[in-house]
Amino acid sequence: MGKHSFIRQYKLPDVKGKIDYISNPGRQEHLYATYDTTIDERFWDYLAGENQKAFEKSGADGKCIEAREFVIMLPPSLTEYDPQILLKLFTDKFKAEYGLDCSSALHHNKAKTNYHIHLIYSERRPLDKPIIKIASRNMFYDENGKHRKTKKEILDEAGNIRPGCKILLKGEEYDNRFFGPKEDYVKTQEFLDDVKHLYTDLINACVKDESERLTVFDRNGPYLATKKIGKNNPKADVIRADNEARMEWNRTVDEARVVGIPEADIVAMKKDFVSSEVKKSIKDDGYRPERLGKIIRKAISTLIEKIRKFKLPEKPVPVFDFAAYNEMVKTNNALRKITAEIETIDKKTAHKHNKINECLGPRYQKFKVTLIKEIADLQLLKEGKQKELDRIVKKAGYKDVSKFMTAFEKSCRLLEGYKAQHPGEELPTEKESVLSKLKSYQAEAKNTARKNPEKQKKKETER
């Protein structure tokens with residue numbers, strides 16, 4: 001399974017404070033560039049004030065969200081670009097795509113291991129012309145800020161203005177609006193997914209080394225996402241152990257796909273043996289993160305059992321004179337060779353486990369220790385072989401093993417279907433309709449194209 005882009009969104013209750021934090025050299029040890037798409041330097045003050053006013057009027061609980069922020073992790077090689085040009089490229093891309101103003105900064109963390117962008121954006125678009133309301137007569141407001149028709153309504157029994165009440169004199173400004181309403185779509189998962197694809201595509205266009213190319217993690221796919229461990233996280237050990245289990249599941253998924261288990265079956269297993277079990281555990285015993293690793297490893301055992309029992313129909317891989325297809329056959333053969341080696345390792349491991357169970361009594365203690373060490377070595381060897389599956393498809397230019405297998409399976413069905421419809425006819429290499437589909441299958445498995453760019457552009461047009 002390949003490297004995934006890390007792009008996380010946060011809500012900001014204090015936008016001015018956060019902008020100062022990310023762009024102030026006195027508060028950042030490794031600050032390389034700052035950038036702002038706004039024209040008026042009071043933009044963020046006006047935005048914060050208008051959001052606070054709207055929040056107060058709504059009577060909602062909690063904190064007012066004044067703006068939102070994306071943190072975008074960049075591959076190390078992007079440090080070779082001019083920081084100001086790089087930051088401007090990423091920020092202007094967001095502004096051009098969604099029409100929302102931004103303030104951004106380019107940083108390294110303290111250890112200089114995490115090169116990243118903070119991109120703060122407004123959920124509101126500025127109005128073409130601000131709406132300023134001027135009082136045409138004296139206006140009266142009670143302690144709760146509610147408008148009253150007459151002065152009498154804000155006086156006490158002695159005829160004095162009650163504490164907290166106020167009078168707005170004729171000719172004074174009593175209300176203003178600089179922005180339109182909040183854009184609801186920025187709160188949706190669809191928007192977040194689109195931004196992730198937008199920046200993953202941009203990162204991949206900038207990297208020079210193919211090994212640094214990234215993909216967007218598919219939450220509905222067969223794999224499990226690993227979690228980033230933040231600085232001074234008190235649960236770092238638990239998260240690290242969970243990540244090990246998640247990576248072991250992902251490696252086993254690669255093996256399952258190569259032997260021919262359909263992706264849909266693995267996704268169903270992930271749902272039944274991981275997602276559902278986690279929900280059940282939380283419902284029965286509350287949030288117990290330390291149980292996740294145990295749940296995942298139990299699911300891995302179930303998946304391995306399915307792998308060992310699964311047998312593809314004995315039939316040769318179809319042979320066709322298409323360079324694009326033959327490249328996939330070569331990759332598939334390399335993957336199948338590795339899975340055969342993994343199966344042999346598993347058989348050796350199982351044999352040694354059986355030997356341990358037969359070693360009863362203290363006189364076998366030394367022999368058991370030797371067997372345990374040999375099993376540990378076999379497990380390391382297996383892990384290395386499983387990682388080789390991912391390296392093979394990456395070298396061939398594919399996102400991950402599952403995507404490659406999906407493209408290969410579709411290609412086989414396409415060519416076999418064509419041959420069945422044209423019995424006795426040789427499949428000509430110049431058959432453009434077939435070749436076009438083959439290439440589209442490959443492109444789908446290789447590229448990181450955004451999911452719904454046209455849909456997003458349609459939204460922008462409608463607005």
Side-chain angles (χ1 to χ4, degrees), residues 1-2 201 204 210 213 215-216 218 220-223 250-269 303 306-343 385-386 388-452 454:
M1 185 179 180
D201 288 349
N204 289 339
E210 284 293 313
R213 287 180 65 83
T215 60
V216 178
D218 181 5
N220 299 315
Y223 298 106
N250 293 339
R251 292 192 295 267
T252 309
V253 168
D254 285 347
E255 187 184 349
R257 287 295 288 122
V258 175
V259 303
I261 298 176
E263 182 178 291
D265 291 1
I266 303 172
V267 171
M269 289 185 70
L303 182 54
K306 186 176 180 69
I307 291 171
R308 297 296 162 249
K309 290 180 179 178
F310 188 84
K311 295 294 179 184
L312 277 174
E314 290 295 331
K315 64 176 183 179
V317 173
V319 178
F320 299 102
D321 189 18
F322 275 90
Y325 171 71
N326 289 332
E327 286 176 10
M328 299 178 81
V329 171
K330 185 178 178 181
T331 301
N332 181 65
N333 289 342
L335 294 175
R336 295 302 293 267
K337 181 176 181 293
I338 297 296
T339 55
E341 293 173 358
I342 292 172
E343 184 174 1
K385 293 291 182 182
Q386 288 177 322
E388 184 64 22
L389 296 174
D390 187 66
R391 283 194 288 269
I392 288 170
V393 296
K394 285 293 185 301
K395 188 176 180 181
Y398 294 90
K399 296 180 190 177
D400 55 52
V401 172
S402 188
K403 290 289 188 296
F404 166 76
M405 290 306 302
T406 298
F408 182 63
E409 290 159 357
K410 288 165 73 174
S411 298
C412 289
R413 288 197 297 270
L414 170 70
L415 296 174
E416 288 173 333
Y418 183 90
K419 203 162 191 178
Q421 291 174 8
H422 304 81
E425 179 185 330
E426 290 294 325
L427 191 64
T429 55
E430 66 274 11
K431 188 68 179 179
E432 285 300 324
S433 61
V434 177
L435 185 59
S436 176
K437 284 188 178 180
L438 280 175
K439 289 183 176 179
S440 72
Y441 296 156
Q442 284 186 314
E444 187 179 350
K446 288 183 176 183
N447 295 337
T448 54
R450 293 163 63 194
K451 290 183 178 179
N452 296 304
E454 293 303 321

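Only a predicted model underlies this, so the values are computations on that prediction, with no experimental measurement involved. For the single chain, residues carry numbers from 1 onward in sequence order.
Listed by chain and residue number, Met328, Tyr441, Ala445 satisfy the side-chain contact (heavy atoms from CB on, under 4.5 Å) test with Ala407 (two or more places apart in sequence, or in another chain). Evaluation of the salt bridge (charged side-chain N to carboxylate O under 4.0 Å, His left out) rule for Arg413 yields no partner, not counting sequence neighbours. By the salt bridge (charged side-chain N to carboxylate O under 4.0 Å, His left out) test, Glu409 is found to be paired with Arg257, residues two or more places apart in sequence or in another chain being considered. Under the side-chain contact (heavy atoms from CB on, under 4.5 Å) criterion, Glu341 pairs with Lys337, Ile338, Lys385, not counting sequence neighbours.
Here the rule is side-chain contact (heavy atoms from CB on, under 4.5 Å) with Leu335, and of Val258, Val259, Asp390 only Val258 fits it.
Dense packing is recorded around NZ of Lys410, with more than 12 heavy atoms of other residues, nucleotides or ligands lying under 6.0 Å away.
To the nearest 0.5 Å, atom CD of residue Glu263 and atom CG of residue Asp218 are 7.5 Å apart. Atoms CG and CD, on Asp254 and Gln386 in that order, are 8.0 Å from each other to the nearest 0.5 Å. In this structure, Thr331 OG1 and Met405 CE are separated by 10.5 Å, a value rounded to the nearest 0.5 Å. Put simply, CG on Leu389 and OG on Ser402 are 12.0 Å apart, with the number rounded to the nearest 0.5 Å.
Residues Val267 and Gly221 approach most closely at CG2-C, 3.7 Å, considering heavy atoms.
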#### Entry: Derivation of the side chain to side chain contact (heavy atoms under 4.5 Å, CB included) call for Tyr223 and Val401
CA-CA 11 Å; Tyr223 298 106; Val401 172; 4.0 Å; yes
- When you look at Lys395 and Glu388, which way does the salt bridge (charged side-chain N to carboxylate O under 4.0 Å, His left out) test go after all the steps? CA-CA 10 Å; Lys395 188 176 180 181; Glu388 184 64 22; over 6 Å; no
inquiry  = If you apply the rule side chain to side chain contact (heavy atoms under 4.5 Å, CB included), what do you find for Phe404 with Asn332, and how did you get there?
reply    = CA-CA 9 Å; Phe404 166 76; Asn332 181 65; 4.2 Å; yes
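For the pair Ile342/Ile307, no side-chain contact is recorded, criterion being any heavy-atom separation below 4.5 Å from C-beta on.
Side chain of Lys394 to main chain of Lys399: a donor-acceptor pair is present (N/O by atom type, distance under 3.5 Å, no hydrogens or angles).
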